[in-house]
2 protein chains.
Amino acid sequence: MAKSSITINDIARELNVAPSTVSRALNNSPKISDFTKQKIIEKAEKLGYNLNMVASSLSRSRTNTIGVVIPFLNNFFYSEVINGIEEIAYNKGYRILVAQTKDSFDKEKEILRTMSATRVDGVIACLSSETTTTDHLRSFSAGGIPMVLFDRVRFDFSCRKVVIDNYSAMQQSVSHLARSGYKNIAHLGGPSSCNIYSEHAKAFKDTLKKAGLPLLPQFHLSTNLTEEDIAEAVGIWLNAEIKPDAIITANSHAALVVSKLIREQKLSIPEEIALTSLTCEPALHFVEPQITSIELPGGDTGRTSMTYLLNEIEHGEQKNDTTIKPFQLIIRNSSFRNK
Amino acid sequence: MAKSSITINDIARELNVAPSTVSRALNNSPKISDFTKQKIIEKAEKLGYNLNMVASSLSRSRTNTIGVVIPFLNNFFYSEVINGIEEIAYNKGYRILVAQTKDSFDKEKEILRTMSATRVDGVIACLSSETTTTDHLRSFSAGGIPMVLFDRVRFDFSCRKVVIDNYSAMQQSVSHLARSGYKNIAHLGGPSSCNIYSEHAKAFKDTLKKAGLPLLPQFHLSTNLTEEDIAEAVGIWLNAEIKPDAIITANSHAALVVSKLIREQKLSIPEEIALTSLTCEPALHFVEPQITSIELPGGDTGRTSMTYLLNEIEHGEQKNDTTIKPFQLIIRNSSFRNK
DNA sequence: ACTATATGTGCAAGCGTTTGCATTATATTT
DNA sequence: AAATATAATGCAAACGCTTGCACATATAGT
């Protein structure tokens, strides 16, 4: 369908040189005289020549493309990660190809298959919440394409990983609430099949115990974090004899939903009930009161992941280590009482 | 760097057939017997064969890839559009390649250049807010690649366009406020170089006049919608002798910022001042009071754009018309007084 | 039996670049 | 001036797949 575009052969013919000379000239090879280069570049310009990357990729067997797979596009953390990746990638002459799994395992497999077919030079991925096995990762790797995993990873798959210190995030959140005098802390967690959430859960239990606070099983939930799950959990909590006086949510969206539900029940935050979130997004600053949260280093995670990937792509470096990124607990008005 | 992957030639050799037969079998050509197909598919499976899309693309001179260019990834509307595009694309065997301009004209040019080099089969784009010319679109089109523009478009470039009925959106917003008894309506608008915002501006003026309301120049602003711009405008408005009793913001982010600023000034929404937004995002439901807004048909916009693009790619259909998508004004608590 | 018609497979060119090696022209050394 | 190094360019194969055309069997029609 595309209008017949012009090729290096067209340029070569018009100038009575070999196509190889044109190719070298356009790639600024030192083997071509400045005079010839000049001539070729001008002619290319004039004819409106545009490199055919697919031919180039085939010939060089590299596409200079990095696949990025994330659960959702419309997510603050992931878009920060993408920005970080792009920043490094762009400077090194790579472009990125983003795809979202929508937290579906099947979509994740599908995406990896097509990225493999597309011959991306490497992949940076955050696994879907449904992912509990690694066969698809292994068969992807069988193609020899480097991969680095971030955030939601599987430790039973060998590759470099960049993760958040989820354990400490929960630990600090609980400690903060405990210091502020909250006693019945509830945790609205995510599916424990996912490393993030199981780390949260472990830290939650450990830290409560260390702080000498009770761990009521009904206050320690693992859900799929859908709006229904959240409404159900909060509904039960707020109508029980023993109510939580603080809630920690696995992510910022859950925190927003919870804050709304609490308001609807005419309970006040943070006086009657405190609220903190384990991830951040701008909306947390816009609700009243502003919600205490963990600020994740998205950009940094992206930059590090990309840097690791490049080391593997360009220097064949193969590692199986895990980099743990620090975070910041940002205390806002939702989590301490003005006594 | 990639482990030498296996090709159709490997399969052909092992089975003593021609590579062309393998190719046809794997593409399920009717010209190959079921027996042979079976044999080939099994062998391919066994060897872990994976189609090399770049070779295939070069050979067929089509990539089955659609480029999608948007200002920002992390935006509710655009991610809905992407979902709509994906939905159609996926079913037709196309994958999509998303890139963000971050509202930079230079980045937009750059992206179009590399998409052209990548030989995407078509492009769906929403122009950056900096874009005021169309030369880059023309030179892109010179490559013969179809394009459809959505949301932020330029009418001086010939192609199909899918836009929101921005004029009516503003018109209905103003009418709603007027009906609710607000008199001094202010408009926090975007840069008028962009079709969206100039349409808003025109509708704002027209509708005020029609409603017999005053149009105070200081209440009709065109800004770049940065947080600073917003803070400055609102600061002036709220401290003037004549304050607005209603504010219409160009987008949801501005609405959130404004709602926060109003709260900080201890003014009440909607009693002392009403607030409505011309775009929507989930955060608008989480703030108190919930903010009245225009719900844009993102998914629908994406699906329509993709459908148009496919018509052009697959049937050579060339049009230069504009499809205007309807929207819904969702009235929430920020814009009417409980008398 | 003897052309016509399917049916299944192979051959080889082509897609647009890149790149190792060969070749020629020019410059340097002895 | 001959021998050697250097610089600039061309040749041709390769990257892995697709596809029009030719070819060889097998089936059907008369």
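Protein chains get the first letters and strands the later ones, always in sequence-line order, with residue 1 at the start of each. Only a predicted model underlies this, so the values are computations on that prediction, with no experimental measurement involved.
Between C:dG16 and A:S56, no contact under 4.0 Å exists linking OP1 or OP2 to a side-chain N or O. For the OP1/OP2 pair of C:dG16 and a distance below 4.0 Å, the side-chain nitrogens and oxygens of A:S23 include no atom meeting the criterion. Side-chain N/O atoms of B:T36 include one lying less than 4.0 angstrom from OP1 or OP2 on C:dT9. Taking 4.0 angstrom as the limit, B:T21 places a side-chain polar atom (N or O) nearer than this to OP1 or OP2 of C:dG10. Taking only side-chain nitrogens and oxygens, B:S33 comes nearer than 4.0 Å to OP1 or OP2 of C:dT9. OP1 or OP2 of D:dT18 has at least one side-chain nitrogen or oxygen of B:N27 nearer than 4.0 Å.
Side-chain to base pairing of B:S61 with C:dC15: no donor and acceptor N or O lie closer than 3.5 Å to each other. Checked by distance alone, B:S59 brings a side-chain donor or acceptor within 3.5 Å of a matching partner on the base of C:dG14. Side-chain atoms of A:R24 come within donor-acceptor range of the base of C:dG20, with a qualifying N/O pair under 3.5 Å.
For B:F155, the CZ atom counts as densely surrounded, since its 6.0 Å shell holds more than 12 non-hydrogen atoms of other residues, nucleotides or ligands.
The residue among A:K37 and A:R119 whose nearest nucleotide of DNA chain D lies closer to the 5′ end is A:K37. With the nearest nucleotide of DNA chain C identified for both B:A18 and A:P19, B:A18 has the one nearer the 5' end. Mapping B:V17 and B:A55 onto DNA chain C by nearest heavy atom places B:V17 at the nucleotide closer to the 5' end.
Distance from the side chain of B:T7 is smallest to D:dG16 among C:dT9, D:dG16, C:dG10.
Rounded to an integer number of Å, the gap from CG of B:L58 to C1' of C:dC15 is 4 Å. Rounded to whole Å, atom C1' of C:dG16 lies 9 Å from atom CG of A:L51. Note: CD1 (B:I32) to C1' (D:dT19) measures 12 Å, nearest angstrom. The CG-P distance, from B:N16 to C:dT9, rounds to 13 Å in whole Å. Atoms CD1 (B:I11) and C1' (D:dG16) sit 12 Å apart, rounded to a whole Å. Spacing between atom CZ of A:R62 and atom P of C:dT17 amounts to 18 Å, rounded to whole angstrom units. In this structure, A:D10 places its CG atom 11 Å from P of C:dC15, rounding to the nearest Å. For the pair A:N9 CG and C:dT17 C1', the interatomic distance rounds to 9 Å; values are reported in whole Å.
Proximity of B:T304 to B:M306: side-chain heavy atoms (C-beta onward) are nowhere separated by under 4.5 Å. You'll find the side chain of B:F72 stays beyond 4.5 Å of the side chain of A:S79, heavy atoms only.
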Subject >> Pair B:N74-A:N75, side-chain contact (heavy atoms from CB on, under 4.5 Å): steps then yes or no >> reply: CA-CA 6 Å; B:N74 190 35; A:N75 172 293; 5.6 Å; no
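Note on A:Y49: only backbone sugar-phosphate atoms sit closer than 4.0 angstrom, heavy atoms only; bases stay farther off.
Pairing each heavy atom of B:T131 with each of B:T133, the nearest pair is CG2-O, 3.4 Å. Here the closest heavy-atom approach between residue A:D10 and residue A:S5 is recorded as OD2-O, 4.2 Å.
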